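Contents: one structure, followed by commentary.
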Amino acid sequence: MSLECVQCGSQFPLYPLKSKCEKCGGALEYDIGLPEKYEVEFSGKLRLWKYKDLLPPVQNIVSLGEGGTPLHKAERLAEELGLKELHLKDETRNPTNSFRDRAGALLTSNAVDLKYDMLICATNGNLGASLAAYSAKAGLICHVIVPKLVDVGKLAQMLVYDAVIEEFGETVDDSIRRSEAIADETGWYQATAELNPLVIEAQKTIAYEAYEQLGVPDWFIVTMGGGGTIYSIWKGFKELKQLGITESLPKMVGLQPEGCAPIVETLEKNSSEPVKILSPSTRALAVLVTSPLQGELAMKAIKESEGLALKVSDSKILEAELQIAKLEGIFAEPASSATIAATKELVKNRKIDKNDTVMCLITGSGLKATDILQVLTKKQKTAVLSLEISTKEKILQTLNREDTYGYDLWKKLGKTITRAAIYQHLNELSEKGLIASYRKTGRKFFKITERGRKALRAIDDMKHLL
Ligand SMILES: [Zn+2]
């Protein structure tokens, strides 16, 4: 087994741990030297440590019960998307509710083996939450550097697991540089995903499990931030092939939010220099990375597998998040809901055939990303707004049949809202010129105007269109 540079091929001893190639600065990767014949059965109860022999060596295992997550057959969602078979690898079911627990377990185990007592990581949230929990379990001190914008739920996890938290930088790119400088100075264990090649090893077990649960899908869909995750899954499937366990490989789809898509744009422009995003914007904070250090690896996975890369808008991501929840009972964070938005797009454009088998990686729980809750609250407001419109519409319809006065209107509308609300609506409709009033037999009567009739017809047309 060796640690190898992805760019120049230089080899290094496994330990002490290095975060970059000493010769060219490229990313490092483990070549675990796969056994000729693999002893462990690819069946039975799933757990991360089941695949210990396919991971770099570990003596002291730190575990909270990671891995062995369910693969849901998403039948209702598949039908909605027009697909025959769709599966969700539900990593929200890990101990701290994200896929990063696989890395959390392996990295803290490694830190204990190497007799570290402090570790440091820069993170957008999930890895920090996970390392904080595993450090607590192992009795290590966990330093976490987070950027300005981080999902509040993840921050709460880090706090409660007693991590030392420092806020540094606009995006995680800045935090990563800060963690490098601190690790250089202090000699702490470097646990940042982009700077520790064990993370890829830990996460490749997702592919092993997916294989045990279903086999090799036609497509595997992953949201990209730093670029390492899609590559880990690709590596896992490739190893299964090298081991002679399977013949086929999936096509890898990597996607990024429209407002921050450096890897996708580098691929689209076919540029040799990686694209850097200057003013990023997305609600999917877990993948808000402007200058991904493992972008090369992500592109390698997409190209080698003859896969695809695409961008998805935040509104489509949110829509998908609600759809997964409503149709499948899974609350996924925005970054991973994006996989469903992408699948929808690719089925629509016929890039994915409706008979293909698709697997999406659901990386983390929606409860960690509270900005989704804010958006849902706004949605609540629009629901109230549309109720108001329908009350106004009912008033217009009533007045279109006959003129009448306020109290009578209130009765005709079934007394479902207060009389004060009725008068409020009548005032607003008058101000807009949709109705007019006149006095008759001592009462104030209301009638619909020509403008009001036009508005009613427009509402009707709209309904037919919808
Ligand atoms: Zn190198």
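Start at 1 and go down the list; that is how both ligands and their atoms are numbered. Hydrogens, waters and symmetry mates are skipped; everything else that's a heavy atom, side chains included, is used. Since this is a predicted model, take the numbers as computed values, not measurements.
Distance alone, capped at 3.5 Å, places no donor-acceptor pair between the Glu4 side chain and the Phe12 backbone. In terms of modelled atom types and a separation under 3.5 Å, the side chain of Gln256 and the main chain of Ile263 share a donor-acceptor contact.
Taking OH of Tyr30 as the start and CG of Leu3 as the end, the distance is 5.0 Å to the nearest 0.5 Å.
Partners of Asp356 by side chain to side chain donor-acceptor pair (under 3.5 Å), not counting sequence neighbours, listed by chain and number: Trp219.
Distances from the Zn ion (ligand 1) under 2.8 Å pick out these protein N/O/S atoms: Cys5 SG, Cys8 SG, Cys21 SG, Cys24 SG.
Ion pairing between Lys50 and Glu209 fails under the 4.0 Å rule for side-chain N and carboxylate O. Salt-bridge formation is not detected for the pair Glu328/Arg76: no Lys NZ or Arg NE/NH1/NH2 atom is positioned less than 4.0 Å from an Asp or Glu carboxylate oxygen.
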